[in-house]
Amino acid sequence: MRIVFRACGLMLAAWIAGIAAPGRAQAEDFECVSTTLRILSPNDKVCISEFDDPKVPGVTCYISQARKGGWGQPLGLNEDPSNFSVTCRQMGPISVDLKSLPDREEAFTEKTSIFFKKTRIYRIPDLKRNALVYLAISSKIIDGSPANAVSAVPILPWPDDKPAQTAEPVEPVEETE
């Protein structure tokens, strides 16, 4: 019994450490879009999340991921398919020296199953072209997946060193007949 409590304590500590891991981005989720209709259980869907690169202020990435429906979804028991896409953009001034960044570093990770499967996004500096490359992969300890996506962010001068302004909401124009 003591071994069971110790194992549970270690798993809880690893989970807490994973949540509070420094240098990893926290994603904000957008509305999901259903891709199937299931009458008696949650639908399959595609969800979009965005995260700001924690080590490179001025870069925002958007990732879309397929999420499996069914009754395992609300309980977190589903293994999501390795279907995803990533795009990253410069959204403000970037003052980080690319030479100071590691050759490859995990910038974002998200669990896609209850056991050992994750979507990971790595940041890879391209010094020759003054750009950042973001590589998204699906990793699984036993049987990995060749699924991947890539996005590149050229580091460009930013006007007035001000971040991008958010657009003001526009009122819909009523059509007259």
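All values derive from a computational prediction rather than experimental measurement. These numbers come from the heavy atoms of this one structure, side chains and all, not from hydrogens, waters or symmetry mates.
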- Task: Quickly, which of R129, K128, R123 forms a salt bridge (Lys or Arg N to Asp or Glu O under 4.0 Å) with D126? Name it, please.
- Result: R129

- Query: Taking side chain as C-beta onward, heavy atoms only, is C61 less than 4.5 Å from D53?
  - Reply: no

- Are any non-hydrogen side-chain atoms of Y62 and V86 less than 4.5 angstrom apart? no

- Query: CG of D103: more than 12 outside heavy atoms within 6.0 angstrom?
  - Reply: no

- Measure the shortest side-chain to side-chain distance between L156 and Q90 over non-hydrogen atoms and say whether it is less than 4.5 angstrom. yes

- Side chains of I121 and I137: does their closest heavy-atom pair fall under 4.5 Å? no

- Without swapping roles, check the side chain of S64 against the backbone of C47 for a donor-acceptor pair under 3.5 Å. no

- Any V33 side-chain heavy atom under 4.5 Å of K45 side chain: no

- Message: Set out, in order, the CA-CA distance, both residues' side-chain angles and the distance that settles side chain to side chain contact (heavy atoms under 4.5 Å, CB included) for V96 and K55, then state yes or no.
- Response: CA-CA 8 Å; V96 172; K55 293 226 179 145; over 6 Å; no

- Task: Output the distance between atom CG (L132) and atom CD1 (I155), rounded to the nearest 0.5 Å.
- Result: 4.0 Å

- Can you check whether V59 reaches R89 side chain to side chain, under 4.5 Å on heavy atoms? no

- Message: Check for me whether R104 meets the cation-pi criterion with Y122, that is, NZ or CZ under 6.0 Å from the six-membered ring centre and within 45 degrees of the ring axis.
- Response: yes

- Heavy-atom check, side chain of N148 versus side chain of L135, under 4.5 Å: yes

- Give a yes or no on whether F108 and V46 share a hydrophobic cluster (residues Ile, Leu, Val, Met, Phe, Trp, Tyr; joining criterion: side-chain heavy atoms under 4.5 Å apart). no

- Task: Measure the shortest side-chain to side-chain distance between I48 and I63 over non-hydrogen atoms and say whether it is less than 4.5 angstrom.
- Result: no

